[in-house]
Number of protein chains: 2
Amino acid sequence: MATSKKTKQRDWAGSTGSHDHRLCIVDALDKAAELCSQRGARLTQIRRRVLELIWSSHRPIGAYSLLEVLKEERANAAPPTVYRAIDFLLEQGLVHRIQSQNAFIGCPNPDPNQPHNGMFLICTDCGNAVELEESKIDRLLKSSASNQGFVIESRTVEAAGLCPDCQLN
Amino acid sequence: MATSKKTKQRDWAGSTGSHDHRLCIVDALDKAAELCSQRGARLTQIRRRVLELIWSSHRPIGAYSLLEVLKEERANAAPPTVYRAIDFLLEQGLVHRIQSQNAFIGCPNPDPNQPHNGMFLICTDCGNAVELEESKIDRLLKSSASNQGFVIESRTVEAAGLCPDCQLN
DNA sequence: ATCACAAATGTTATACTATAACAATTATTA
DNA sequence: TAATAATTGTTATAGTATAACATTTGTGAT
């Protein structure tokens, strides 16, 4: 259940490919700023910084890993500091929780209206995660639930396995 | 993230309906005994008792809740006692982990060959959970992953919402 | 501007979840 | 029945998350 299991530092096309990841970060922060401003939500320094740290890779990152970094910049950072920021970012739909790892990852496509639950492919070897957009699966799940009279409000879909790169190595 | 959020003590047709739950338990224990015997796996007293406790309701139950009960019967029960039993039961596919709750639930249909990952509908009101069998969703997920060159090894699918009963109350 | 209020952050403590490491005991089988 | 493997006992600790209350900072009304 530990979230800090070591992973190789490698990327794969589906998630990060050979791209300039700085652009991901800038883009995510820009989107976040705009969304928050539209909503009258305050993207404070701490919140912005935590979002930036979460976006620092395409791997889910745990709260205490974030805290370690934050502490170097803010002597008085404590667990509530990071958990509050995370709670805010989750509420705004800017990040997702990866339940199977007790970790968090940036949402590449924050919904302007309301947050959505992501669906993820997570490589067990390199640790990279990519968010799927599969409305079909969502519809199937909803209808399957509906058959039982059950109404879905939120869901967790996380698939673990090997990304293309790690299948070779 | 606490697993002990209070839930109403109510059942719903999709999961438990108005049934004699003792039969569920007996049935589950019988199946477990047979499976283990076939496999040469040892369903010891502790393991059997933990399985029974997990089956004591259709709600996922946490390790420390199990431990509380176990302690009344076995003064020296400690976290490893219950986690080891859970690990065994997970390996044998007799129970599933509910990631969104750090809790465990019995598998009503343990696979004679290898364990499967469950898919669950979990009521946020009464807490009951029911396992779905939706091979369609599995296939969709696999093909969707395959489009990215990703090979799925295991997955988590958990949907939270309201069961039929709790929609009325 | 400044007061009053709300929101965010600081701070300390603690609850909850899970595993490491090694010792003792119990089963299995040669 | 001795040797070995599997299970359980025991203590300690790592990792994840929140409660509760104090302080500071931002916001809007006047």
Side-chain angles (χ1 to χ4, degrees), chain A residues 1-7 32 36-37 39-51 53-54 60-92 94-105 156, chain B residues 1-6 36-37 39-51 53-54 60-92 94-105 156:
Chain A
M1 189 84 274
T3 185
S4 47
K5 144 173 57 169
K6 247 166 236 148
T7 53
C36 287
S37 133
R39 292 170 180 165
R42 288 166 54 196
L43 188 62
T44 62
Q45 248 203 332
I46 296 181
R47 290 165 175 175
R48 188 187 150 87
R49 180 63 176 135
V50 168
L51 180 59
L53 290 175
I54 288 175
I61 183 170
Y64 280 76
S65 300
L66 292 167
L67 181 55
E68 266 182 46
V69 183
L70 218 55
K71 265 184 175 164
E72 291 169 7
E73 308 165 355
R74 223 169 234 278
N76 49 10
T81 312
V82 57
Y83 277 105
R84 283 164 180 161
I86 289 171
D87 285 346
F88 172 86
L89 297 170
L90 286 170
E91 275 166 20
Q92 299 299 323
L94 298 170
V95 306
H96 294 293
R97 171 193 294 274
I98 302 297
Q99 300 276 15
S100 53
Q101 300 187 15
N102 292 324
F104 306 90
I105 193 167
T156 297
Chain B
M1 190 84 276
T3 185
S4 48
K5 145 172 56 168
K6 245 165 239 150
C36 288
S37 133
R39 291 170 180 164
R42 288 167 56 196
L43 187 62
T44 62
Q45 245 203 336
I46 295 182
R47 292 164 174 175
R48 189 187 149 87
R49 180 62 178 136
V50 168
L51 179 59
L53 289 175
I54 289 176
I61 183 171
Y64 281 77
S65 299
L66 292 167
L67 181 55
E68 266 182 47
V69 183
L70 218 55
K71 265 183 173 165
E72 292 168 9
E73 307 165 356
R74 219 169 236 277
N76 50 9
T81 313
V82 57
Y83 278 105
R84 283 165 179 158
I86 289 172
D87 286 346
F88 172 86
L89 297 171
L90 286 170
E91 273 166 21
Q92 299 299 324
L94 298 170
V95 305
H96 293 294
R97 170 193 294 275
I98 301 296
Q99 299 275 16
S100 54
Q101 300 186 16
N102 293 324
F104 307 89
I105 192 166
T156 297

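Chain identifiers are assigned alphabetically (A, B, ...) following the order of the sequence lines, protein sequences preceding nucleic acid strands; residue numbering begins at 1 within each chain. Just so you know, these numbers use all the heavy atoms, side chains as well, and skip hydrogens, waters and symmetry mates.
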Enquirer: How many whole angstroms separate atom CG of B:Asn76 from atom C1' of C:dA24?
Expert: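 Between C1' of C:dA24 and CG of B:Asn76: 12 Å.
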Enquirer: A:Arg42: which residues meet the side chain to side chain donor-acceptor pair (under 3.5 Å) condition with it, sequence neighbours left out?
Expert: none
Enquirer: Checking A:Arg74 side chain against A:Ile46 main chain: does a donor-acceptor pair fall under 3.5 Å?
Expert: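 A pair under 3.5 Å: no.
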Enquirer: Looking at C:dT17, I'd like to know if its phosphate oxygens (OP1 or OP2) sit under 4.0 Å from a side-chain N or O belonging to A:Asn102.
Expert: no
Enquirer: Could you state the atom-to-atom distance from OH of A:Tyr64 to P of D:dG15 in whole Å?
Expert: 11 Å
Enquirer: Whole angstroms only, please: what is the CG-C1' distance between B:Asp87 and C:dT19?
Expert: 10 Å
Enquirer: Using whole Å, report how far CG of A:Leu66 lies from P of D:dG15.
Expert: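 From A:Leu66 CG to D:dG15 P: 15 Å.
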Enquirer: Report the distance from atom OH of A:Tyr83 to atom C1' of C:dG10, rounded to the nearest whole Å.
Expert: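 My rounded result for the distance is 18 Å.
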Enquirer: A:Leu89 CG to C:dA8 P: how many Å, rounded?
Expert: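 From A:Leu89 CG to C:dA8 P: 12 Å.
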Enquirer: Among A:Leu70, A:Val95, A:Thr81, find the one that has a side chain to side chain contact (heavy atoms under 4.5 Å, CB included) with A:Val50.
Expert: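 Single pass found, and it is A:Leu70.
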Enquirer: Per the end-axis method with five pairs at each terminus, what is the bend angle of the helix from C:dA1-D:dT30 to C:dA30-D:dT1, to 10°?
Expert: 30°
Enquirer: Can you measure from CG (A:Leu89) to CZ (A:Phe104) and round to the nearest 0.5 angstrom?
Expert: 10.0 Å
Enquirer: Tell me which residues in residues 43-51 of chain B put a heavy atom below 4.0 Å from DNA chain D, sorted by number, or none.
Expert: B:Thr44, B:Ile46, B:Arg47
Enquirer: Tell me, please, which residues at least two apart from B:Glu73 pass side chain to side chain donor-acceptor pair (under 3.5 Å).
Expert: B:Arg49
Enquirer: Which nucleotide in the set D:dT10, C:dT12, D:dT8 lies at the smallest distance from any side-chain heavy atom of A:Ala78?
Expert: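 Nearest to the side-chain atoms of A:Ala78, counting from C-beta on, is C:dT12.
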Enquirer: What distance separates A:Lys71 NZ from A:Asn76 CG, expressed to the nearest 0.5 Å?
Expert: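 Between A:Lys71 NZ and A:Asn76 CG, I get 10.5 Å after rounding to 0.5 Å.
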Enquirer: Hey, could you give me each pair passing salt bridge (charged side-chain N to carboxylate O under 4.0 Å, His left out) that has a residue in residues 80-91 of chain B? Not counting sequence neighbours.
Expert: none
Enquirer: Expressed as a whole number of angstroms, how long is the span from B:Leu90:CG to C:dT19:P?
Expert: 10 Å
Enquirer: Grab the two heavy atoms, one from A:Ala41 and one from A:Gln92, that are nearest each other, plus how far apart they are.
Expert: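 Between these two residues, the closest heavy atoms are CB-NE2, 3.6 Å.
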Enquirer: Under 3.5 Å, which N/O atoms of the protein pair with N/O atoms of nucleotides 19-22 of chain D?
Expert:
from	atom 1	to	atom 2	distance (Å)
D:dA20	N6	A:Arg84	NH2	3.2

Enquirer: Rounded off to whole Å, could you give me the CZ-to-P distance for the B:Arg74 and D:dT10 pair?
Expert: 11 Å
Enquirer: Side chains of A:Ile54 and A:Leu94: does their closest heavy-atom pair fall under 4.5 Å?
Expert: no
Enquirer: List for me each residue that meets side-chain contact (heavy atoms from CB on, under 4.5 Å) alongside A:Tyr83, sequence neighbours excluded, and say none if there are none.
Expert: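 A:Tyr83 satisfies side-chain contact (heavy atoms from CB on, under 4.5 Å) with A:Ala63, A:Tyr64, A:Pro79 once adjacent residues are dropped.
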